[in-house]
Amino acid sequence: MQTSRRFLPSLPLLCAFEAAARTGSITAAAKELALTQSAVSRQIKALEDQLEVVLFHRERQTIRLTAAGDAYVREIRDALRKISTASLNLRANPFGGTLSLAILPTFGTRWLAPRLPKFLAANPGITINLVTRLTRFDFKLEAIDAAIHFGPAEWPGGDLALLRPETVVPACSPQLRDRFNFETAADIRRAPLLHLTSRPDAWKRWFMGNGVDAHAVHGMLFDQFATAAQAAIAGLGVALLPDFLIHDELAAGQLVRALDLPMKSAESYYLAWPTERASHPPLAAFRDWLLTETQGDR
């Protein structure tokens with residue numbers, strides 16, 4: 001659908017308005033844009049004339065956004081950011097082979113990053129940009145092509161492909177294990193417990209699954225597996241950690257299983273992507289590669 005030119009102001013007008021709104025000053029906006037003050041003032045006035053809306057209150061030598069201007073700048077700022085990001089991505093890879101991927105921090109750094117060179121070597125025309133996201137988000141509001149998701153098999157407005165399930169184990173330092181001399185699941189309750197804020201009921205489920213009273217399970221809180229793992233290595237307590245993400249620490253003896261009582265998580269890891277981007281060539285190539293990499297884990 002063709003949009004009326006009236007509602008598509010030029011980028012110079014929008015950039016002048018956004019800079020003035022953000023800095024609260026025509027002078028500062030002019031300096032940022034390498035223009036004269038009068039040029040910035042003319043561009044803002046031209047934008048107001050085109051929209052037939054007053055965007056600033058002008059008081060002597062100062063400017064202040066009107067209610068309409070405040071609402072408008074919030075909308076266009078996001079649009080300008082997306083245009084800038086798209087242009088940067090195109091410049092980085094002029095053949096359009098850019099994939100913006102949201103990752104979970106520990107999965108991304110410990111499992112995915114060591115494997116990415118293999119993918120990039122097989123797909124030299126593709127550039128991958130990584131951003132961290134701990135929770136689900138709206139693909140329509142983010143310039144992101146796909147995301148690594150841990151949770152239920154659902155993502156509003158997106159499609160999913162199963163990557164792998166997860167098994168967690170109670171892990172701690174060798175010194176803490178020897179100190180408490182764990183023999184049964186009930187013994188774990190005597191030790192300090194390390195919790196993840198994203199999985200507040202994990203220890204409760206583990207105790208219930210092993211026939212232990214799960215009432216009033218308390219302990220330190222962490223927002224990421226990596227910090228919880230480091231705390232466990234330091235002897236601060238026992239943490240429920242995914243076994244495949246602490247393989248190196250277990251092999252090196254930095255962490256040990258407090259007890260050999262693993263628990264399969266109720267949720268799994270998925271690759272998620274917006275439905276309308278399913279055929280985006282870099283995404284399709286990455287999806288096929290990732291599913292091959294995780295084939296033996298499903």
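Quick note: residue numbers are just sequence positions, from 1.
The backbone N or O of L194 sits less than 3.5 Å from a side-chain atom of W203, completing a donor-acceptor pair. Remark: side-chain polar atoms of D70 are not paired, donor with acceptor, to backbone N or O of T66 under 3.5 angstrom. Without hydrogens or angle criteria, D213 side chain to H215 main chain gives a donor-acceptor distance under 3.5 Å. A distance-only check finds no donor-acceptor pair linking the side chain of H149 to the backbone of W155 [under 3.5 Å]. Side-chain atoms of D138 come within 3.5 Å of backbone N or O of K140 as a donor-acceptor pair. A distance-only check finds a donor-acceptor pair linking the side chain of D187 to the backbone of T184 [under 3.5 Å]. A donor-acceptor pair under 3.5 Å links the side-chain atoms of E48 to the main chain of L55, judged by distance alone. For T132 (side chain) and P105 (main-chain N/O), no donor-acceptor pair under 3.5 Å exists by modelled atom type. Although no hydrogens or angles enter the test, the distance criterion places no donor-acceptor pair under 3.5 Å between the side chain of R177 and the main chain of A171. With hydrogens and angles disregarded, no donor-acceptor distance shorter than 3.5 Å links the side chain of T127 to the backbone of T98.
Within 6.0 Å of the NE2 atom in H247, the count of heavy atoms belonging to other residues, nucleotides or ligands does not exceed 12. Residue-environment remark: NZ (K82) exceeds the threshold of 12 foreign heavy atoms within 6.0 Å. For E75, the CD atom sits in a loose shell: 12 or fewer heavy atoms of surrounding residues, nucleotides or ligands are nearer than 6.0 Å. The environment of CZ in R190 is crowded: more than 12 heavy-atom neighbours from other residues, nucleotides or ligands sit within 6.0 Å.
Remark: R164 is positioned above the aromatic ring of F244, its terminal NZ or CZ atom under 6.0 angstrom from the ring centre and at most 45 degrees off the axis. A cation-pi arrangement, defined by a distance under 6.0 Å to the six-membered ring centre and an angle within 45 degrees of its axis, is present between R115 and W111.
Between the side chains of S38 and T36, at least one donor-acceptor pair of N or O atoms lies under 3.5 Å.
The pair K204-D201 does not count as a salt bridge, with every side-chain nitrogen at least 4.0 angstrom from each carboxylate oxygen. Salt-bridge annotation for D78 and R74: absent, with no side-chain N of the basic residue lying under 4.0 Å from a carboxylate O of the acidic one.
Aromatic ring centres of F17 and F56: separated by under 6.0 Å. Aromatic ring centres of F150 and F107 lie farther apart than the 6.0 Å criterion allows.
In this structure, L134 stands alone, with no Ile, Leu, Val, Met, Phe, Trp or Tyr side-chain heavy atom under 4.5 Å from its own, directly or through other members.
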Begin from the C-alpha positions of R110 and E249 and carry the test salt bridge (charged side-chain N to carboxylate O under 4.0 Å, His left out) through to its verdict.
CA-CA 11 Å; R110 297 195 175 204; E249 288 82 354; 2.6 Å; yes
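For residues 264-286, the set of pairs meeting the salt bridge (charged side-chain N to carboxylate O under 4.0 Å, His left out) definition, not counting sequence neighbours, comprises D145-R277.
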